[in-house]
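The next block holds one structure in the form of structure tokens; read it before the comments.
Labels below follow one simple rule: chain letters A, B, ... track the order of the sequence lines, proteins then strands, and each chain is numbered from 1. When reading the values below, keep in mind they use all heavy atoms of this one structure, side chains included, and skip hydrogens, waters and symmetry mates.
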There are 2 protein chains.
Amino acid sequence: MASLSGGIAKAVTIRDVAAAADVSIGTASKALNGRGRMRAETRDRVLAAAERLGFRPNPLAQGLLAGRTYTVGLVTGDSFGRFSIPVMLGAEDALGAGQISVFMCDTRDDPIRERHYVERLLARRVEGIIVTGRRTEPRPGIGRDLPVPVVYAMTQSTDESDVSIIPDDEGGGALAARHLLATGRTRIGHVTGPQRFQAARRRAHGLTTELAAAGLEPAGEVLFGQWSEEWGRQGADVLLHTAPDVDAVFCGSDQIARGVAETLRERGRRVPEDVALVGFDNWEPMALGCRPPLTTVDMNLGEIGRLAATHLLDMIAGTAGSRPPAAGSPDGGSSGGVTIVPAGLVLRESTRRAAPQS
Amino acid sequence: MASLSGGIAKAVTIRDVAAAADVSIGTASKALNGRGRMRAETRDRVLAAAERLGFRPNPLAQGLLAGRTYTVGLVTGDSFGRFSIPVMLGAEDALGAGQISVFMCDTRDDPIRERHYVERLLARRVEGIIVTGRRTEPRPGIGRDLPVPVVYAMTQSTDESDVSIIPDDEGGGALAARHLLATGRTRIGHVTGPQRFQAARRRAHGLTTELAAAGLEPAGEVLFGQWSEEWGRQGADVLLHTAPDVDAVFCGSDQIARGVAETLRERGRRVPEDVALVGFDNWEPMALGCRPPLTTVDMNLGEIGRLAATHLLDMIAGTAGSRPPAAGSPDGGSSGGVTIVPAGLVLRESTRRAAPQS
DNA sequence: ATGAAAGCGCTAACAG
DNA sequence: CTGTTAGCGCTTTCAT
């Protein structure tokens, strides 16, 4: 506790510690870092002095010497939105454990600002950069031949050789499909976001593939629209019109699912008795506020962040050995390319199994 | 562009630049920093060499010398949740403009982790710390007599002398009340979060005070409950029971408002024709997804963050002059104590004026 | 077992 | 106008 409460810790250097312990600076350094051999008594004296004075080694000096900064940059274009935050937290988790500190930058999705920030991070000698986004759409990379490794998390570089960690949209769709099939549903509709989104297409593909494997097709058309509740309400009406006997709806987002739930209720369909409902995102305020609470696909964003951080650390460790960072070495296995993190399903009321079927 | 794309910028030092420009290191330094006078030709030669080599001054070395790091820490206990993010963005905005970089830490609301991170930030020689939270409840400070200034944003230290920037909950309540009164409502109910939250009490107080000024009282009791949609649904039923003639409801959060809206609709009350509705937070996914879209109080979180950053910078500038940081100097005016940022009202459908009243 | 000295990359004095 | 020197705080040889 002394170190925090013991008065203004004004720039106490190792010199002060050495003086207080009556040893040379070099000896003090060794004592503090546990290097070299020395009499236990001496070491203790130094440590005691350091503790008493509230000594903190200056990381700038250490870094200057070691040629390292133990920092990485975290760049988001998403204003640290709903998707990038869990990713960030996961990353910070993994990095923090390794004593790596994180510089945060928000680019407001502006390439100019992004460029600017990347420059700044490099100037600060970060040892790596994580780029996060709101959706998995491929985006231009933040720069070619950067002097530090870069990992894209929850977004993807258009450059295939860049390392990207993305959620398993297709698997999530399949997961939802299997769950609905397993609970006895067979007339499964799909209301989702704009078709131009890779995520929407992949989720739909996961669903239809899984249905096809069971000899089924989606009820009605796959309804592409917007990522909004409003669209969920409209889409549900369309679906009820084209496939009145629908007994389940898989939605491309929890927001859409809420809209769908609302319309279903107003049209006299009970959820989950008449129609089961599965969302996507596990955005808790939405999923829990829904009536009934929503079964939904969880992309494991935290895991994506953790994995991104772990990869980055590996890459840093790799390049630190002065190996040329550009080469996509075929040996590394996970070095380079896209890593897909499996999604999970969170079960709630909206798909509770109806009365057991004979 | 060369600096980013021109190959692996492997640790090019000022020494390299000097060599390339055929000048001494000192001269190179002066040329790069625009200090001292020198022949334009020499300066240009150095700058050209620096550009060509992709030279970036090492901030560790600069900082070591200057005794500054141009970094601040941003600590949140809120997992960078919905409230702390806009605050962060505002702060990052203000700081980024001043070339200050931000170290991000999430404490998961764990005092141990918090302590740990604060230690780490101090070890990194941040020049100041911003602490953000999810609610304005006063909390123990992060430490006494820290060597750097601290600003609490969207949260408050229990120590009155600490600098805190908080939203105007009371003013927000008053704003909602005035708006409803101005649109001709007189039987105004209030459904809000748990009474133990200062924010809930203040919002309620702002409302009742304003109503009292108009010779009115809240319709029914002020209903304290939870910060959830579910409670909004229940609360609305209670309100309709105790004050069936209610013509407006002010809600302590947008989530509550959504619940209220839902119940009102199901009970046959039209919003806004029969009952006007005002939320709190301007949480867009909620406020826009609501039927109808919600008029709501906006706490100006970004502004809170910006202000926190600005204050912090001022304090840093102040302490940098080696003035004892502890003293709560009575001169500074805004130095020390609590700053309240005014709230605003975002008008949407849920309070659209009914047919003009005679 | 301990101390002295060199040097990480840079800037700011002072010499030349 | 330019070069040399010292030193920021620390670690790490290498002498002692």
- Rounded off to whole Å, could you give me the CG-to-C1' distance for the A:D16 and D:dC10 pair? 13 Å
- Query: Does B:R39 have a side-chain nitrogen or oxygen under 4.0 Å from the phosphate oxygens OP1 or OP2 of D:dT2?
  - Reply: yes
- Query: In Å and rounded to the nearest 0.5 Å, what is the NZ to CE distance from A:K30 to A:M38?
  - Reply: 6.5 Å
- Query: Looking for any heavy atom pair under 4.0 Å, which part of the strands does A:I25 touch: base, sugar-phosphate only, or nothing?
  - Reply: base
- Query: Please give, in whole Å, the distance from C:dC10 C1' to B:R56 CZ?
  - Reply: 17 Å
- Query: Any side-chain N or O of B:R35 under 4.0 Å from OP1/OP2 of C:dT11?
  - Reply: no
- Task: Starting from the 5' end of DNA chain D, give me the residue, B:R125 or B:D22, whose nearest nucleotide shows up first.
- Result: B:D22
- Nearest-Å distance, CZ (B:R68) to P (C:dA12)? 13 Å
- Message: It should be established whether A:T42 places a side-chain nitrogen or oxygen under 4.0 Å from OP1 or OP2 of nucleotide C:dT2.
- Response: yes
- Any A:S24 side-chain N or O less than 4.0 Å from OP1/OP2 of C:dG3: yes
- Query: What residues form a side-chain hydrogen bond (donor to acceptor under 3.5 Å, both in side chains) with B:Q62, not counting sequence neighbours?
  - Reply: none
- B:L65 side chain: which of D:dT2, C:dT11, D:dG9 is closest? C:dT11
- Rounded interatomic separation in angstrom, taking CD1 from B:I14 and C1' from C:dA12: 12 Å
- Base, sugar-phosphate, or nothing for A:R37, non-hydrogen atoms under 4.0 angstrom? base
- Starting at CG of A:L64 and ending at C1' of C:dG9, how long is that distance when rounded to a whole Å? 5 Å
- Under 4.0 Å between a Lys/Arg side-chain N and an Asp/Glu carboxylate O for B:D159 and B:R144? yes
- Message: Please evaluate residues B:R52 and B:D16 with respect to the criterion salt bridge (charged side-chain N to carboxylate O under 4.0 Å, His left out), reporting the C-alpha separation (whole Å), side-chain torsions for both, the decisive distance (0.1 Å), and the verdict.
- Response: CA-CA 11 Å; B:R52 180 155 40 81; B:D16 304 325; over 6 Å; no
- Side-chain N,O (A:N33) to OP1/OP2 (D:dT11) below 4.0 Å: yes
- Item | With sequence neighbours excluded, residues passing salt bridge (charged side-chain N to carboxylate O under 4.0 Å, His left out) with A:R120 | none
- Message: Between A:T27 and C:dT2, is there a contact of a side-chain N or O with OP1 or OP2 at under 4.0 Å?
- Response: no
- Item | Protein-nucleotide distance (A:R15, atom CZ; C:dA5, atom C1'), rounded to Å | 13 Å
- Are more than 12 heavy atoms from other residues, nucleotides or ligands located less than 6.0 Å from atom CG of B:D22? no
- Taking CG from B:N58 and P from D:dG9, how many angstroms apart are they, rounded to a whole number? 16 Å
- Task: Report yes if a side-chain nitrogen or oxygen of B:Q62 is closer than 4.0 Å to either non-bridging phosphate oxygen (OP1 or OP2) of C:dT11; otherwise report no.
- Result: yes
- Query: Closest nucleotide of DNA chain C for A:A66 versus for B:S29: which of these residues is on the 5' side?
  - Reply: A:A66
- Note on the structure: 5'-most contact on DNA chain D (nearest-nucleotide basis), A:F55 vs B:R45, goes to B:R45
- Find which nucleotide of DNA chain C each of A:K30 and A:A61 is nearest to by heavy atoms, and output the residue with the more 5' nucleotide. A:K30
- Within this structure, what is the CZ-to-P distance between B:R43 and D:dG3, rounded to whole angstrom? 14 Å
